[in-house]
Amino acid sequence: MAGGAGRGGAGADGTGVQMAGGPAAGSAIEMEGAMRTLPSSGRPSGTGRLSRGLLFGRNYGLSPGSRLLPPRCQENADPQKTAFLLRKQWTLYSVSPLYKFSNADLKDYARMLGVFIAAEKQKGLAVDVDGELGVKVAMSGLPELRGSEQDPPAVLVQLSLRSSLSPKNSEEKLIWSGWFCCVAGDDLVEDLPENFTCLPLFLVNGAESYTAIVGSWFQETFDCCFRRLAISPLNLTWMAAMWTGCEVDKNTAATELLFSVPHLPQPLDILYAIHPEDAKALWDTVQKTPGEITQEEVDVFMECLYSHFHRHFKIHLSATKLVKVSTGIASAHCDGIIKFLQSQYLIGVLMLLTELAISQIQ
């Protein structure tokens, strides 16, 4: 296997390994598995209203069985409509169903949220970069981000800065984006009581202060509950295997696995880089059914990588904790940070993230 060499040395065949210490290196271990709510905006949380997440009788825990590999987007899909979602860091949240939410009222919701943000600013809870700048709210539908016709259209929320002294047609500065989606969440949609909308996955790019305010407004208006969506090491191994098995037209990015070593006086991370062609060749020897992936195949794939690493560096990666996976398809961190890199697999990645979000709604 070939990859980029790191400070820790490289194997005889070029497999890359990089070891890094320092305070930041250990943060992934501390955060793994954490269930955090929205950042506090300084307002009462209103916990008495957040009960809608307890409506489901079925257990949506992840099955250790098989999954389909992420499908490519349909040929008639327009990648330009979702291009702005690529190559940005998105923070993941799971969201319980929204009560009496309607896509037909997005303009009214944007106006109401704008009033709410202005009120929070008056209380000193929302601070603009410039005192003369105001926040403009826009909400729109993203019907392209659906796995089937049964899925509700995704909803995009954007906050922009505008100045009262600037011309009306002047360019506004986008400062925060968030979007709700449900991709292939058919089972959850079927079980929903009347007047509820299933958009269990919420992705955010922007300051936590605005995330807290927007989240507070949605919680109060639609009686829903937000929780930070962490990604377990087990699900990271699924992502590593699933994304390695995807066919891409051009893929020059190495498959990278970041491990954190526990129980050391100083934090230590190990970065394991594998050439994408070598990773795909290994996966092809492991996979039994084209287009499908099982837990057994994921385990075999990872064990092969661990054995190869131990043969060259005498380090047992099974004793460490996997905290990040990066491939040519996407990258994911255990803290619940995702970056989409390929538009043709955007829907496929969102399918898995929707499954993870639903599994955390209790």
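Checked by atom type and distance alone, the side chain of T320 never pairs as donor or acceptor with a backbone atom of F259 at under 3.5 Å. N205 places no side-chain N or O within 3.5 Å of a backbone atom of W90 that could act as its donor or acceptor partner. The main-chain N or O of G178 is never found under 3.5 Å from a side-chain atom of Q158 such that the two would form a donor-acceptor pair.
Checked against a 6.0 Å centroid threshold, the rings of Y109 and F101 count as neighbours. The aromatic ring centres of F180 and F218 sit less than 6.0 Å apart. Remark: aromatic rings of F222 and Y99 are distant, center separation not under 6.0 Å.
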- Task: Tell me, with the steps shown, if E247 and K280 meet salt bridge (charged side-chain N to carboxylate O under 4.0 Å, His left out).
- Result: CA-CA 9 Å; E247 297 284 352; K280 183 63 167 63; 3.2 Å; yes
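Partners of W176 by ring pair (Phe, Tyr, Trp, His ring centres under 6.0 Å), not counting sequence neighbours: none found. With sequence neighbours left out, the salt bridge (charged side-chain N to carboxylate O under 4.0 Å, His left out) criterion links K100 to no other residue. Taking R111 as the reference, nothing meets the side-chain hydrogen bond (donor to acceptor under 3.5 Å, both in side chains) condition, with sequence neighbours excluded.
With respect to E172 and K136, a salt bridge is recorded, a charged nitrogen being found less than 4.0 Å from a carboxylate O.
Side-chain contact between M239 and M242 is absent, with no heavy atoms from C-beta onward closer than 4.5 Å. Contact check for L142 versus P153: no side-chain heavy atoms found under the 4.5 Å cut-off.
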